[in-house]
Amino acid sequence: MRQRAGRVGALVLAGLLIAGGTVGCAGKGERPQDQAAAPVSVTDAPTDEPVDEPVDEPSVEASPSASGVAAMGAAPSRSASASPKPSKKPTRTSPPTKPRVVAKAPTETKVPPAPPKPAPSSCKPSYKGTQASRADVKTALSAAAARTYWPSSAPDLKIPLNLLKATAWQESGWQSNIYACDGGVGLMQVMPATATWMNQRFDQSYDIAAYQDNAYLGANYLAWLTKYIGDMYFESDFRLDADLCTAELDSCLLNAVIAAYNFGHGAVAQEGEPLAIPNPSYVRNVRALMTECVCLGY
């Protein structure tokens, strides 16, 4: 969950990735373009909004769509759409919500911590404990994708399983016991400070070293970014559908969330500023992995 100079991913690419993932960490701040990221801004005062806690739901694995490499936009339309919900929020059959020219004020005032300094490019990752099997990792990611992370204020907000699988592959190559030089841990390359912040924000007790909890932390952070950016730029339309994107990377919430997972929310979303995608290569990699990753077949 963060960005760094000299990504650790270069060390695991050849042996682990077929479709193009790298080891990295999510949630970091501003560093050289297209490197892995971690939360950017320091923690503000507590929000007045009720605290949402994750809710377990049945796991349903998403079906990967056709290749999204050539044009970073539309994936083929689904044959069937979800039933419209009795609310004013857009349904999956409604047109894409174009991003606002400038962002609204964020509804979330408690934000992730500042990022650490980048690790030296010569540094190599270390490994601790036993690596989880691919079958176990798949189960953990499926369980994390099936949860509702904003049951009170955004119950329709979901993290697609193929997004979670692709992000984990990009960040760690599905290595559950890898420790990056800049502090990123495990499957989703969660920063310890980010894990502490999320546990406090959502009243949880996830263990960053346990691969199941690491999957929940990564998914929870993706969900937080979806809510944060969706409220600021997309009129609370929280859809992360690839077919809502055009060839312009700043056209959809999905691309913005992927970018922020890598570069930090502050590099993507700023009140009064247009939406920014500072790391297009990372976004394209994850988008490609969402449809082409060998990990989708595990």
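On a predicted model such as this, the values are computed, not experimentally measured, just so you know.
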Main-chain N/O of [Y] paired to [X] side chain as donor or acceptor, under 3.5 Å:
{"X": "N177", "Y": "Y127", "result": "no"}
{"X": "W174", "Y": "K165", "result": "yes"}
{"X": "Q270", "Y": "A267", "result": "no"}
{"X": "N199", "Y": "Y206", "result": "yes"}
{"X": "S176", "Y": "A132", "result": "yes"}
{"X": "N214", "Y": "V185", "result": "yes"}

>> I need the single residue from W197, F202, Y149 that forms a ring-ring contact (aromatic ring centres under 6.0 Å, His included) with W224. Which is it?
In response: W197

> Given S142, which of V137, L164, L161 fulfils the side chain to side chain contact (heavy atoms under 4.5 Å, CB included) condition?
Replying inline: L161

> What residue among L254, L296, T167, N285 forms side chain to side chain contact (heavy atoms under 4.5 Å, CB included) with M290?
Replying inline: L254

>> Pairing donors with acceptors under 3.5 angstrom, does anything connect the side chains of K227 and S236?
In response: no

Measuring from atom [atom1] of [X] to atom [atom2] of [Y], what distance do you get when rounded to the nearest 0.5 angstrom?
{"X": "M188", "Y": "L141", "atom1": "CE", "atom2": "CG", "value": "7.0 Å"}
{"X": "M191", "Y": "M198", "atom1": "CE", "atom2": "CE", "value": "11.5 Å"}
{"X": "C293", "Y": "Y298", "atom1": "SG", "atom2": "OH", "value": "7.0 Å"}
{"X": "R239", "Y": "L157", "atom1": "CZ", "atom2": "CG", "value": "12.5 Å"}
{"X": "I277", "Y": "S251", "atom1": "CD1", "atom2": "OG", "value": "8.5 Å"}
{"X": "I258", "Y": "Y282", "atom1": "CD1", "atom2": "OH", "value": "8.0 Å"}

Could you tell me whether the side chain of [Y] reaches within less than 4.5 Å of the side chain of [X], counting heavy atoms only?
{"X": "T139", "Y": "Q212", "result": "no"}
{"X": "L253", "Y": "Y233", "result": "no"}
{"X": "P99", "Y": "D250", "result": "no"}
{"X": "V294", "Y": "W169", "result": "yes"}
{"X": "I229", "Y": "L275", "result": "yes"}
{"X": "D231", "Y": "E108", "result": "no"}
{"X": "V101", "Y": "P274", "result": "no"}
{"X": "V286", "Y": "L163", "result": "yes"}

What's the shortest heavy-atom distance between [X] and [Y], and which atoms?
{"X": "T97", "Y": "D237", "answer": "OG1-OD2, 2.6 Å"}
{"X": "D213", "Y": "S205", "answer": "OD2-O, 4.2 Å"}
{"X": "M232", "Y": "R100", "answer": "O-CD, 3.4 Å"}
{"X": "A219", "Y": "I159", "answer": "O-CG1, 3.9 Å"}
{"X": "A215", "Y": "A144", "answer": "O-CB, 3.7 Å"}
{"X": "T148", "Y": "P155", "answer": "CG2-O, 3.9 Å"}

> According to a 4.5 Å side-chain heavy-atom criterion applied to Ile, Leu, Val, Met, Phe, Trp and Tyr, with indirect links allowed, do L225 and L289 form part of one hydrophobic cluster?
Replying inline: yes

>> Checking W150 against F238 for the ring-ring contact (aromatic ring centres under 6.0 Å, His included) test, could you report, in this order, the C-alpha distance in whole Å, the side-chain angles of both residues, the deciding distance, and whether it holds?
In response: CA-CA 11 Å; W150 293 91; F238 302 121; 8.4 Å; no

